Amino acid sequence: MLVEKNVPLQAFNTFHIVAKAHRLVHIASELDVHELLQHPAWGAEPKFVLGGGSNIVLTGDVKPLVLKVEIMGRRLVQETAKAFIVEAGAGENWHDFVAWTLAQGYAGLENMALIPGTVGASPVQNVGAYGVELQDRFEALDAADLQTGQVFTLDAAQCGFGYRDSVFKHGASGHQGVGLKGRALILRVRFSLPKLWKPVLGYADIDKKMLEHSCTHPTAQQMFDWVCEIRRAKLPDPAVIGNAGSFFKNPTVTPEQCADIIARDPKVVHYRLADGSVKLAAGWLIDSCGWRGKSVGLAGVYDKQALVLVNRGSGHDGDSASGGEVMTLARAIQTSVYERFGIRLEIEPVVV
Ligand code: EPU
């Protein structure tokens with residue numbers, strides 16, 4: 001078992017923030033997890049599980065032992081009357097996995113193309129885009145308990161999925177007492193991809209593509225291509241500009257709160273939800289407070305989508321926004337949105 005010391009994490013987080021892991025170990029298999037937990041020196045150390053690093057803000061060096069998950073493999077595990085059950089190792093790149101499922105003829109993940117990160121990280125925040133969330137296609141996952149080494153399986157209900165939320169984001173005292181934050185290492189995830197596939201439509205950006213292409217019945221591959229085009233046009237590529245996707249969640253308010261905001265600002269972008277509440281576009285709220293394109297040090301608000309904070313550093317010779325700058329900018333945005341609209345924006349990535 002090779003435990004590396006003082007490992008730079010800049011390449012291992014999509015924000016490209018400069019920070020180090022005091023110690024880091026690569027986890028390529030379930031066996032590696034068992035070996036680590038039985039190790040006399042490292043077994044009982046506090047641990048931090050790192051996937052693709054696409055949903056974290058590093059505010060300093062990471063002191064707990066970093067477990068870099070690199071468990072690979074993709075396969076069809078079962079075919080039922082209604083679905084293909086497909087499994088991927090936690091270390092697989094999410095987008096490559098989505099592309100692979102389509103190439104095999106299993107549709108259903110195409111709306112979530114190009115989401116950065118790994119398969120193992122995808123259930124943690126219940127990733128989603130263009131009307132499909134991971135929970136809509138989720139079958140089950142296997143995870144290892146980092147205290148006991150026991151491997152267990154969770155179905156969707158046990159994962160406690162919510163909007164950009166799951167049991168993996170909460171400590172034992174949160175989420176109805178069943179939080180698994182810091183406790184579980186996700187090994188493999190299985191998806192149920194429907195044989196009777198229908199495109200999930202209804203998003204303005206997708207509707208525009210259908211009009212442009214005079215197409216009313218897109219194939220899964222067309223949906224995949226359009227989602228990639230839409231994302232490339234409005235979201236920064238983390239390989240070029242460091243970022244962690246949407247930095248805040250879209251807030252939900254009561255119809256009365258929404259009416260109050262509309263009275264003050266009729267243009268507020270909002271969507272009525274099935275339960276009667278109203279979801280507001282956080283990007284619009286931030287944009288209308290004048291933040292688009294603004295910076296604090298080298299941390300900035302992306303100029304094409306105000307919901308995304310970016311690292312304006314060149315990435316060379318330590319020229320990078322610090323996690324502190326990102327958080328200062330985030331707090332200033334929260335304050336100004338609160339002062340103008342009375343809404344507290346919730347941060348979406350995990351702050352480490
Ligand atoms: N808007 C503005 N100004 C901005 C940004 C947005 O006016 O600077 C307006 C847009 O014009 C649009 C509305 O706000 O009317 C919503 O914007 P968009 O369609 O880009 O989607 P979003 O609500 O900002 C969410 C997800 C994205 C996901 C898209 C598409 C969250 C936190 N974000 O963004 O997910 O790709 O919908 O489904 O729910 C992510 O989680 O990292 C992510 C990128």
Side-chain angles (χ1 to χ4, degrees), residues 13-15 51-57 94-95 98 109-118 121-136 161-166 169 199-209 223-224 226-238 241-253 258 261 265-273 278-294 300-310 329-330 333-334 336-337 340-341 343-350:
N13 75 97
T14 61
F15 239 121
S54 62
N55 204 41
I56 55 170
V57 185
W94 171 262
H95 176 74
V98 173
L109 298 177
E110 56 287 339
N111 291 36
M112 295 185 283
L114 224 55
I115 293 180
T118 54
S122 64
V124 176
Q125 52 165 157
N126 184 24
V127 295
Y130 303 102
V132 182
E133 283 184 318
L134 176 116
Q135 64 175 340
D136 303 325
F161 291 126
Y163 167 55
R164 298 294 190 273
D165 201 21
S166 74
K169 271 189 150 181
V200 176
L201 307 171
Y203 261 67
D205 286 333
I206 301 278
D207 290 350
K208 248 192 254 168
K209 290 282 176 198
M223 292 291 288
F224 175 91
W226 292 346
V227 167
C228 289
E229 282 170 27
I230 295 164
R231 290 187 71 100
R232 287 197 175 107
K234 70 157 80 167
L235 295 169
D237 177 356
I241 303 173
N243 75 91
S246 298
F247 201 88
F248 302 97
K249 293 185 185 183
N250 284 330
T252 305
V253 297
C258 186
I261 294 171
D265 229 317
K267 288 201 218 109
V268 61
V269 178
H270 60 286
Y271 318 91
R272 294 196 189 280
L273 302 180
V278 183
K279 189 168 265 195
L280 303 178
W284 185 91
L285 299 173
I286 298 166
D287 194 3
S288 63
C289 288
W291 281 102
R292 191 138 54 95
K294 294 276 164 56
V301 180
Y302 191 52
D303 42 16
K304 292 186 203 144
Q305 164 50 295
L307 196 50
V308 179
L309 303 192
V310 294
L329 175 60
I333 291 171
Q334 283 174 314
S336 83
V337 168
R340 170 126 183 235
F341 297 104
I343 288 166
R344 291 189 193 281
L345 290 183
E346 202 184 320
I347 289 177
E348 207 263 299
V350 176

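This one's a predicted model, so the numbers in the text were calculated from it and none came from an experiment. Counting starts at 1 for both ligands and their atoms, in listed order.
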Notebook entry, point to check: Does the side chain of Asn126 reach to within under 4.5 Å of the side chain of Tyr163, using non-hydrogen atoms?
Noted result: no
Notebook entry, point to check: Is there at least one pair of N or O atoms, one from Ser246 and one from ligand 1, spaced under 3.5 Å apart?
Noted result: yes
Notebook entry, point to check: Is the closest side-chain heavy-atom distance between Leu109 and Trp94 below 4.5 Å?
Noted result: yes
Next item on the list: Answer yes or no: is there a side-chain heavy-atom contact under 4.5 Å between Leu309 and Val57?
Entry: no
Note to self: I need the nearest protein heavy-atom contact for atom 36 (O) of ligand 1: residue, atom name and distance, please.
What the structure shows: Arg231 NH1, 3.3 Å
Checklist line | Geometric N/O contact Lys234 with ligand 1, under 3.5 angstrom | finding: yes
Notebook entry, point to check: What's the shortest distance from atom 23 (O) of ligand 1 to any protein heavy atom, and which residue and atom give it?
Noted result: Asn250 ND2, 2.8 Å
Notebook entry, point to check: Counting N and O atoms only, with roles assigned by atom type, does the side chain of Asn250 sit under 3.5 Å from a partner on the main chain of Ala282, one being a donor and the other an acceptor?
Noted result: yes
Notebook entry, point to check: Which word best sums up how the rings of Tyr130 and Tyr203 line up, parallel for under 30°, tilted for 30 to 60°, or perpendicular for over 60°?
Noted result: perpendicular
Notebook entry, point to check: Considering only protein heavy atoms, which is closest to atom 8 (O) of ligand 1, and at what distance to one decimal place?
Noted result: Ala306 N, 2.8 Å
Checklist line | Taking atom 26 (C) of ligand 1 as the reference point, the nearest protein heavy atom with its distance | finding: Arg164 NH2, 3.5 Å
Item checked: Is_contact(atom 11 (O) of ligand 1), protein non-hydrogen, under 4.0 Å -> no
Next item on the list: Report the member of Tyr271, Trp284, Tyr302, Trp291 with the shortest heavy-atom distance to atom 9 (C) of ligand 1.
Entry: Trp284
Notebook entry, point to check: Would a search of protein heavy atoms around atom 4 (C) of ligand 1 find one under 4.0 Å away?
Noted result: yes
Check: In terms of atom number and element, which parts of ligand 1 are under 4.0 angstrom from non-hydrogen atoms of Arg292?
Finding: 8 (O)
Notebook entry, point to check: Would you say Leu235 and ligand 1 have an N/O pair spaced under 3.5 Å apart?
Noted result: no
Checklist line | Option from Glu348, Glu133, Lys169, Lys249 for which side-chain hydrogen bond (donor to acceptor under 3.5 Å, both in side chains) with Gln125 holds | finding: Glu348
Check: Can you tell me the protein heavy atom closest to atom 20 (O) of ligand 1 and the distance?
Finding: Gln305 NE2, 2.8 Å
Next item on the list: Determine, considering heavy atoms only, which of Phe247, Tyr130, Tyr203, Tyr163 sits nearest to atom 31 (C) of ligand 1.
Entry: Tyr163
Next item on the list: Would you please determine whether Gln125 falls within less than 4.0 Å of ligand 1 on a heavy-atom basis?
Entry: no
Item checked: Flag, side chain of Arg232 to backbone of Asp237, donor-acceptor distance under 3.5 Å -> no
Item checked: Asp287 side chain to Ala306 backbone, donor-acceptor under 3.5 Å -> no
Next item on the list: Check whether any protein heavy atom sits under 4.0 Å from atom 29 (C) of ligand 1.
Entry: no
Item checked: Heavy-atom nearest neighbour in the protein, as seen from atom 34 (O) of ligand 1, with distance rounded to 0.1 Å -> Leu307 CD2, 4.1 Å
Checklist line | Top protein contact for atom 15 (O) of ligand 1, by heavy-atom distance | finding: Val269 CG1, 3.6 Å
Notebook entry, point to check: Any idea which protein heavy atom is nearest atom 14 (O) of ligand 1, and the distance to it?
Noted result: Ala281 CB, 3.3 Å
